[in-house]
Amino acid sequence: MEQYIEDYNLTKLTTPLLKWFHAHARSLPWRDEPTPYHVWVSEIMLQQTRVEAVKGYYDRFLKCLPDVKALSECPEDELLKLWEGLGYYNRVRNLQAAARQVMEDYNGIIPSSPKELLQLKGIGSYTAGAISSIAYQYPQPAVDGNVFRVITRVCADDSDISKPAFRKRVEKALREVIPEDAPGDYNQALMDLGAMVCVPNGRPHCEECPWELMCESRKAGTQLEYPNKPKKAKRKIEKKTVLIIRDGDHVLIQKRPKTGLLAGLYELPAMEGQPGRREIIEYVERLGFEPLHIKKVEDAKHIFSHIEWHMKGYVVSVAESTHLPKELLMVEFATIQREYAIPSAFSAYLKYIKTF
DNA sequence: AACGCGGGGTG
DNA sequence: CACCCAGCGTT
């Protein structure tokens, strides 16, 4: 049995893979017209994000920001609104920072070599490989989670895929066999095979796989043991109390800090822990409001990858205030919906803005 | 090398 | 519930 990628002859995989790809390639919006800008935007959206989730954002983003110049000039709040709900919001700030870099250093033309692409914010080894190979036919591997899964299974390589050294070994092995005349197809074929046949979550569909008879883990019946990835730490639980502070049809929102979780998005104000009504009222008064009425609403939970928010919720009706602190905004629901990016974590409570 | 960073689909 | 997803930047 093969054990390491270096012991496996990857050359024999290429022809069956490309033949399979030409018959079964997914039809995806960003494959219609794979310009460097289109590939770039799609690859950033696809980082740690499912294809199905990206489909709802890609066309709208390009329609609003059709080229590098438009992206480089877009106000941050509009940028975040276009990304609202997609997660990992630093991706879109880095994308814009990189667009400005491209305008300044490359006269608006996205560079083609992995080395230059790697200098741009938000572009790491995977994305550099994807852009250079798919948009520019540069013979560079693009190793993502799909490729790790497909390759470790076919070779029965039980190396820890979370180690950067293993990524480098996979890239080196693939660089030696990637077809010069179809590097983009080769990389996309590996990803499609991982997405459609050699799937995560559950058993792979080996009977449909072009590599069925060459796959070491298939021969051993050990497909589910790959890829070898250490388990993640348990999530931390944070208790908080979310306040829907409303006056008529306006509600209080505030901008989150520039760094950290959900940086730069807007949120409903919240208190640490689970204060009683007395403390909540005092808190609202300290914000500069006159509370008229307080009503408890349902609990909510939101799960991030590393944190869980366990939330209590209160609707606090307040008197119309003439002046409020600078960092606080009293906004109509329709305006929030149109202009302010609010993370999904608050979705359980946003409905009280509209219907109450 | 370890950790922070979203949100949702799936078994 | 746990796991994972077209990863990257920071420390």
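Order of the sequence lines sets the chain letters (A, B, ...), proteins ahead of strands, with each chain counted from 1.
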Checklist entry - Expressed in whole Å, how much space separates the C1' atoms belonging to dT10(C) and dG7(B)? => result 22 Å
Next on the checklist: Under the rule for salt bridge (charged side-chain N to carboxylate O under 4.0 Å, His left out), what residues qualify as partners of Lys115(A), not counting sequence neighbours?
Outcome noted: none
Checklist entry - Contact class for Asn90(A) (heavy atom, under 4.0 Å): base, sugar-phosphate, or nothing? => result nothing
Next on the checklist: Let's see if you get this right: which residues in residues 253-262 of chain A place a heavy atom under 4.0 Å from DNA chain B?
Outcome noted: Gly260(A), Leu261(A), Leu262(A)
Checklist entry - Starting at CZ of Phe304(A) and ending at C1' of dC4(C), how long is that distance when rounded to a whole Å? => result 18 Å
Checklist entry - Between the main-chain N or O of Glu116(A) and the side-chain N or O of Ser113(A), is there a donor-acceptor pair closer than 3.5 Å? => result yes
Checklist entry - Near DNA chain B, which residues from residues 60-86 of chain A have a heavy atom under 4.0 Å away? => result Gly85(A), Leu86(A)
Next on the checklist: Closest-nucleotide mapping onto DNA chain B: is Lys163(A) or His306(A) further toward the 5' terminus? I mean the 5' end.
Outcome noted: Lys163(A)
Item to check | C1' spacing across the pair dC4(C) / dC5(B), given as an integer number of angstrom | outcome: 16 Å
Next on the checklist: Less than 4.0 angstrom between a side-chain N/O of Lys231(A) and OP1 or OP2 of dC3(C), yes or no?
Outcome noted: yes
Item to check | Gap in Å between the two C1' atoms, one belonging to dC5(C) and one to dG6(B), rounded | outcome: 12 Å
Checklist outcome for this item: With B for base contact, S for sugar-phosphate-only contact and - for none (protein heavy atoms under 4.0 Å), nucleotides 5-11 of chain C reads BBBSSS-
Item to check | Ionic contact status for Lys240(A) with Glu238(A), cut-off 4.0 Å | outcome: no
Checklist entry - Does Asp77(A) reach the main-chain N or O of Gly264(A) with its side chain, forming a donor-acceptor pair under 3.5 Å? => result no
Next on the checklist: Give me each pair satisfying salt bridge (charged side-chain N to carboxylate O under 4.0 Å, His left out) with a member in residues 120-130 of chain A, each pair once, sequence neighbours excluded.
Outcome noted: none
Checklist entry - Using the P atom in both, what is the distance from dG8(B) to dC8(C), to the nearest Å? => result 23 Å
Give every donor-acceptor pair under 3.5 Å between a side-chain atom in residues 338-346 of chain A and any protein atom, sequence neighbours left out.
none

Checklist entry - Which residue pairs pass the salt bridge (charged side-chain N to carboxylate O under 4.0 Å, His left out) test when at least one of the two sits in residues 307-318 of chain A, sequence neighbours left out? => result Arg235(A)-Glu308(A), Asp299(A)-Lys312(A)
Item to check | Any donor-acceptor pair under 3.5 Å from Gln96(A) side chain to Cys74(A) backbone | outcome: yes
Checklist outcome for this item: Bounded by its outermost nucleotides with an atom under 4.0 Å from a heavy atom of chain A, the footprint on DNA chain B reads dA1(B) to dG11(B)
Next on the checklist: I need the full list of salt bridge (charged side-chain N to carboxylate O under 4.0 Å, His left out) pairs touching residues 44-61 of chain A, with sequence neighbours left out, sorted by first then second residue.
Outcome noted: Glu52(A)-Lys55(A)
Next on the checklist: I'd like to know whether Leu71(A) forms a side chain to side chain contact (heavy atoms under 4.5 Å, CB included) with Phe61(A), so could you lay out the CA-CA distance, the side-chain angles of the two residues, the decisive distance to 0.1 Å, and finally the verdict.
Outcome noted: CA-CA 9 Å; Leu71(A) 170 58; Phe61(A) 190 95; 4.1 Å; yes
Item to check | Inter- and intrachain pairs under salt bridge (charged side-chain N to carboxylate O under 4.0 Å, His left out), touching residues 23-44 of chain A, at least two apart | outcome: Arg26(A)-Asp192(A), Arg31(A)-Asp192(A)
Checklist entry - So what does Lys301(A) touch, heavy atoms closer than 4.0 Å: a base, only the sugar-phosphate, or nothing? => result sugar-phosphate
Checklist outcome for this item: Residues at least two apart in sequence or cross-chain that pass ring pair (Phe, Tyr, Trp, His ring centres under 6.0 Å) with Tyr138(A), listed by chain then number, are none
Item to check | Arg278(A) bridged to Glu282(A) by N-O distance under 4.0 Å | outcome: yes
Item to check | Test salt bridge (charged side-chain N to carboxylate O under 4.0 Å, His left out) applied to Glu298(A) - qualifying residues, sequence neighbours left out | outcome: Lys351(A)
